[in-house]
Amino acid sequence: MNDDKVNDEQRSYDEAHALSLADPDRFWGDAARDLHWIKPWDRVLDTSETPHGKWFVGGELNTCYNALDRHVENGHGEQTALIYDSPVTGNTVRRLAYRELRDLTARFAGALINAGVGKGDRVIIYMPMIPETVIAMLACARIGAIHSVVFGGFAANELAVRIDDARPDVIVTASCGIEVNRVIPYLPLLDEAIELAAHKPSTVIVAQRDQHLAELRAERDLDFHQALSAVDPAPCVPLQATDPLYILYTSGTTGLPKGVVRDNGGHAVALNWTMSKIYGVEAGDVYWAASDVGWVVGHSYIVYGPLLKGCTTILYEGKPVGTPDAGAFWRVIADHAVKVMFTAPTAFRAIKKEDPEAQLLAGYDLSRFETLFLAGERTDPDTLRWAEEKLRVPVIDHWWQTETGWSIAANHHGYGFLPVKPGSPTKPAPGWDLQVLNDHSQPMAPGEVGALCARLPMPPGSLLTLWNAHERFSESYMAEFPGFYKTADAGFIDADGYVFVMSRTDDIINVAGHRLSTGGMEEVLASHPDVAECAVIGVADALKGQLPVGFLVLKAGVDRSDEDIVAECVQLVRERIGPVAAFKQAAVVPRLPKTRSGKILRGTMQKIADQEDYRMPATIDDPAILNEIDEALQGLGLSSARR
Ligand code: COA
Ligand code: AMP
C-alpha cells in the first residue's frame with residue numbers, strides 16, 4: 001500500500017470530498033491503483049471532447065479479469081464468489097468458488113465466440129436470478145461484448161424495443177422465471193418479442209431449468225449447458241477504459257427507453273472504491289444486494305462491485321415476503337453470515353406490514369450483520385426507525401440513479417458514518433459537486449427546494465452516453481442547466497450540507513423501487529380504440545411508495561361500459577409494458593384539467609390524490625373539473641374517501 005492510500009484511510013469525509021473536486025486526477029488515480037491494468041492510462045480525467053468527462057483515457061483493462069481471474073491468480077480461487085439462494089426452487093443453495101465461476105465464465109465466453117460474438121457486439125440477456133445470468137454478463141465483459149440485461153417483469157413489447165435498439169445477434173435466456181409460486185415460461189415471451197422486432201437475432205442460448213423445459217428450435221436455439229461442454233475457454237481481451245461494458249435501458253419521459261452506456265475503466269474503479277468507502281466491506285466479506293440483476297442495483301452490487309472487491313456476493317431468487325414468510329431476509333443474513341445488505345425501502349415496508357413486531361427475527365443469528373443500506377426511493381422516516389429499532393445496526397439511505405451507477409449522496413462507512421438525519425441520504429459522495437438550482441440555473445439558499453444538479457464533470461462510473469442517442473443524452477441531461485448534469489430530482493440541501501431528495505421533476509414514478517414512465521403508460525392507454533385522451537399519475541401508496549392511476553376520456557359516441565374499457569386498458573398495459581408496471585387502477589372521466597395551452601395538469605391531479613394542498617391553477621376556467629377528478633379518485637377508493 002502506498003502513502004496516498006494510507007492518507008486516504010485517514011481522511012475525513014469533508015477532506016475526501018474536497019480533494020475529489022479540487023484534484024480528481026489524484027483522488028481517482030489513487031483509487032484506480034487497486035485494480036489490474038494491462039496498460040496504464042494517459043489521462044485520469046479528459047474533458048476535451050465531452051464536458052461530463054471520460055475517465056482513464058488510454059488505459060487498458062478487462063473488467064472480468066479484475067472481477068474473477070485476478071482473485072484466482074492471487075490465491076483466492078477457492079473462496080466463495082457467489083452464493084445462489086433460491087427459496088422459490090425448493091430452497092436450492094449453490095456456492096460457486098472464484099475458480100469455478102472464472103472457469104464457467106471463460107467457457108461461456110468461448111461459446112459466445114463460437115456463436116459469432118466479438119468485441120463491441122451486443123448480447124441481450126433476458127434471464128431470471130440464476131447463476132447462468134451472472135456467468136453470461138461476465139462472459140460478455142471477458143470478450144468485450146456489450147451486454148444488455150432486460151428485467152424479466154417486462155412484456156414482449158418492451159423486450160422488442162430493446163432488441164431493435166441494441167441489435168444483438170445473440171440473446172441469452174432461460175426456459176422460465178419463477179414468481180413465488182408462478183412459473184413464467186420465457187420462450188413464448190421472447191418469440192413474441194423477436195416477432196415484433198424488426199431486427200432478428202440469429203442465435204438464442206437457453207438455460208433449461210427443471211421447473212419448465214423449453215422446446216428449442218434447432219435452427220436458432222442452443223442449450224446453455226451443452227454450449228459450454230465442448231468449447232475452449234476464452235481469455236480476457238484487453239479493452240480501452242472507455243470501451244462500453246454494458247447498456248442498461250431505463251425509463252425516459254417517453255415510451256422509448258434510454259440505453260444508459262457504462263464504460264469499463266471508470267466503472268470498475270468507482271465500484272471497487274465504493275465497496276470499502278461507502279459500504280465498509282473488504283475482500284472475503286459477504287455482501288448481499290437483494291435486488292434483481294435486471295436493475296442497476298443488480299448490475300453494480302450483485303455482480304460487479306462485490307466481485308471486483310473479492311467479496312462473496314449473494315444471488316437471491318425470492319421475495320422479502322411469501323418465500324416463505326417475512327423472515328426470509330433474516331434467514332439469508334443468518335445462513336450466509338451477511339455483513340452488509342442493500343435493498344429498497346419497499347421491501348422493508350412489506351416485511352413490516354406482515355410482521356410488525358419482527359417476531360420472526362427471534363429464530364435467527366444476525367451477529368455478523370453490520371449495516372443495512374437502502375436506496376431506489378427515499379427511505380421514509382417510519383421505515384428507517386423500524387429497521388433501526390428491530391435490527392440494531394446503522395440503517396443508511398443513499399441516493400442514486402441508473403445513470404450514475406452508484407451513489408450521488410451517501411453516508412460513507414469508510415470516512416466514519418455522520419449522524420443520520422431521517423429522510424436524507426446524507427451528503428454528496430466524492431466526485432459529486434451537487435447544487436440546488438432555480439429555473440435560471442442560479443444556486444438556491446440552504447433549505448430551498450430546487451433542481452438537484454451536479455456541476456460537470458461527473459465522477460467515474462457515470463454514464464458515457466445513451467446508446468444510439470448521443471443528442472438525446474446531451475439534450476436530456478445537460479441542456480437545461482448549462483455546465484451541469486440534471487438529475488431530474490427536486491430537493492434541497494440544508495444548512496449542514498445534508499441532501500434531501502423530494503420528488504422527480506419529470507413524469508417518472510417509483511413503484512416498489514422500480515422506475516416507470518407515466519408517459520409510456522399513457523402511450524399504451526391512448527392506443528385503446530375507445531380512448532380519446534388520457535393521463536397517468538403516481539399516487540402515494542403505503543407499501544410500494546407510488547402506484548400508477550389512469551384517467552381516461554372516451555371518444556364521443558362510445559357506449560360500452562366503463563368497467564369493460566378500464567379492464568381492457570389494465571390488461572393492455574400489462575401486455576405491452578409488463579406486470580412490473582403494477583397498473584391496476586383507472587377511471588373514466590368526462591374531461592381532464594389542462595392549462596390554456598393544453599398541458600394536462602398532472603401535478604395538481606397528483607396533489608388531489610395525495611391530499612396535499614394545491615392552489616387552483618389560474619388557467620382552469622371551470623373548477624368543477626377538479627371535483628370530477630376527486631370524485632373519480634374516490635370511486636377508486638383513493639383521495640378524500642381513503643383517509
Ligand atoms: N418476472 C415476471 N414478473 C415479475 C417479475 C419478474 N422478474 N418481477 C415482478 N414481476 C411481477 C410480479 O409477479 C407482480 O405481478 P402480479 O401483478 O401478477 O402480482 C408484478 O410484477 C409487480 O411486482 P412487484 O413490484 O415486485 O410487486 P410484488 O407485489 O410482487 O412484491 C415487493 C412487492 C415490495 C415485495 C417487491 O416489489 C420487492 O421485493 N421489492 C424489492 C425492491 C427491489 O427489488 N427493488 C429494485 C431496485 S433496488
Ligand atoms: P433508478 O434509475 O431506477 O435507480 O431510479 C432513480 C430514481 O429513484 C432517482 O432519480 C430518484 O428519484 C429515486 N431514488 C433512488 N434512490 C433514492 C433515495 N435514496 N432517495 C430518494 N430518491 C431516490
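Just so you know, ligand 1 is whichever comes first in the structure, and atom 1 is the first atom listed for that ligand. Quick caveat: nothing in here was measured; it's all calculated off a predicted structure.
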Open item on the list: List the residues meeting side chain to side chain donor-acceptor pair (under 3.5 Å) with T89, not counting sequence neighbours, and say none if there are none.
Closed with: S86, T92
Open item on the list: Just to verify, what does K352 make a side chain to side chain donor-acceptor pair (under 3.5 Å) with, not counting sequence neighbours?
Closed with: none
What protein heavy atom lies closest to [atom]? Include the residue and the distance to one decimal.
{"atom": "atom 7 (N) of ligand 1", "answer": "G153 N, 3.6 Å"}
{"atom": "atom 34 (C) of ligand 1", "answer": "T346 OG1, 3.5 Å"}
{"atom": "atom 22 (C) of ligand 1", "answer": "P579 O, 3.7 Å"}

Would you please classify the geometry between the [Y] ring and the [X] ring as parallel, tilted or perpendicular, with 30° and 60° separating the classes?
{"X": "Y246", "Y": "H267", "value": "perpendicular"}
{"X": "Y304", "Y": "H147", "value": "parallel"}
{"X": "H413", "Y": "F417", "value": "perpendicular"}

Tell me, please: is [X] in heavy-atom contact with ligand 1, that is, under 4.0 Å?
{"X": "F342", "value": "no"}
{"X": "P320", "value": "yes"}
{"X": "R349", "value": "no"}
{"X": "M129", "value": "no"}
{"X": "G376", "value": "no"}

- [ ] Using salt bridge (Lys or Arg N to Asp or Glu O under 4.0 Å) as the criterion, point out the one residue from R515, K544, R504, R349 that pairs with E377.
- [x] R349
Report the part of [X] (side chain from C-beta onward, or backbone N, CA, C, O) that has a heavy atom under 4.0 Å from ligand 1; answer both or neither where that applies.
{"X": "L543", "result": "neither"}
{"X": "R182", "result": "side chain"}
{"X": "A582", "result": "neither"}

Task: Main-chain N/O of K319 paired to Y316 side chain as donor or acceptor, under 3.5 Å - done: yes
Task: Under 3.5 Å donor-acceptor, W288 side chain and V332 backbone - done: no
TODO: Identify which of H398, H514, R378, R504 has a heavy atom lying nearest to atom 19 (N) of ligand 2.
DONE: H398
For ligand 2 and [X], I'd like to know whether there is a polar contact (N/O to N/O, distance under 3.5 Å).
{"X": "T487", "answer": "no"}
{"X": "T250", "answer": "no"}
{"X": "L374", "answer": "no"}

Record the part of [X] in heavy-atom contact with ligand 2 below 4.0 Å; permitted values are side chain, backbone, both and neither.
{"X": "W295", "value": "neither"}
{"X": "D397", "value": "side chain"}
{"X": "N510", "value": "side chain"}

